[in-house]
Amino acid sequence: MIYQVTTVFRGSELMPRGYWVQAISTDKTLDFNAYVWNVEPKMQFDYATGRGRVDSAMKVSDRYQGNRYTR
């Protein structure tokens, strides 16, 4: 397995907006390139300062219907 994870910042923000994940297996049966957003339900992040606060109204939508990891 060869993989790479790259943090993605906007401007001079202290907290990354997300992570770019790329991987390929040596036998080439696995090959993916995905973006993972840096978000959390019920948390509001200030990416400029790196601070977060509880926000009960904050929702993260799952755009992938049938996602087995959704409760």
Side-chain angles (χ1 to χ4, degrees):
M1 172 74 63
I2 300 168
Y3 71 94
Q4 175 177 311
V5 178
T6 305
T7 53
V8 178
F9 292 89
R10 186 182 294 169
S12 60
E13 293 178 333
L14 299 178
M15 179 184 277
R17 293 283 176 149
Y19 307 89
W20 200 262
V21 183
Q22 300 166 303
I24 189 168
S25 60
T26 53
D27 64 0
K28 302 209 177 18
T29 57
L30 176 70
D31 183 359
F32 70 87
N33 185 2
Y35 186 80
V36 180
W37 293 94
N38 190 13
V39 294
E40 182 69 28
K42 298 184 181 178
M43 287 296 296
Q44 186 69 43
F45 294 125
D46 180 345
Y47 297 97
T49 64
R51 294 183 180 184
R53 67 177 177 82
V54 175
D55 180 354
S56 301
M58 172 58 173
K59 294 183 181 179
V60 177
S61 65
D62 181 2
R63 296 183 183 179
Y64 302 103
Q65 296 300 322
N67 180 352
R68 65 182 179 171
Y69 300 109
T70 302
R71 297 178 202 185

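The chain is numbered in sequence order, starting from 1.
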Kindly indicate, with the supporting measurements, whether the criterion side-chain contact (heavy atoms from CB on, under 4.5 Å) is fulfilled by F9 and L14. CA-CA 8 Å; F9 292 89; L14 299 178; 5.9 Å; no
Assigning hydrophobic clusters by single linkage (Ile, Leu, Val, Met, Phe, Trp, Tyr; side-chain heavy-atom cutoff under 4.5 Å), is [X] placed with [Y]?
X	Y	result
I2	V21	no
M1	F32	yes
W20	Y3	no

Pairs under 3.5 angstrom only: tabulate donor-acceptor contacts from the side chains of residues 50-60 to other protein residues two or more places apart or in another chain.
residue : atom : partner : partner atom : Å
D55     : OD1  : A57     : N            : 3.1

Sequence neighbours left out, what passes side-chain contact (heavy atoms from CB on, under 4.5 Å) with Y47? Give chain and number order.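 Residues passing side-chain contact (heavy atoms from CB on, under 4.5 Å) with Y47: E13, M15, R17, N38, V39, F45.
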Report the distance from atom CD of Q4 to atom CD1 of I24, rounding to the nearest 0.5 Å.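 Q4 CD to I24 CD1: 12.5 Å, rounded to 0.5 Å.
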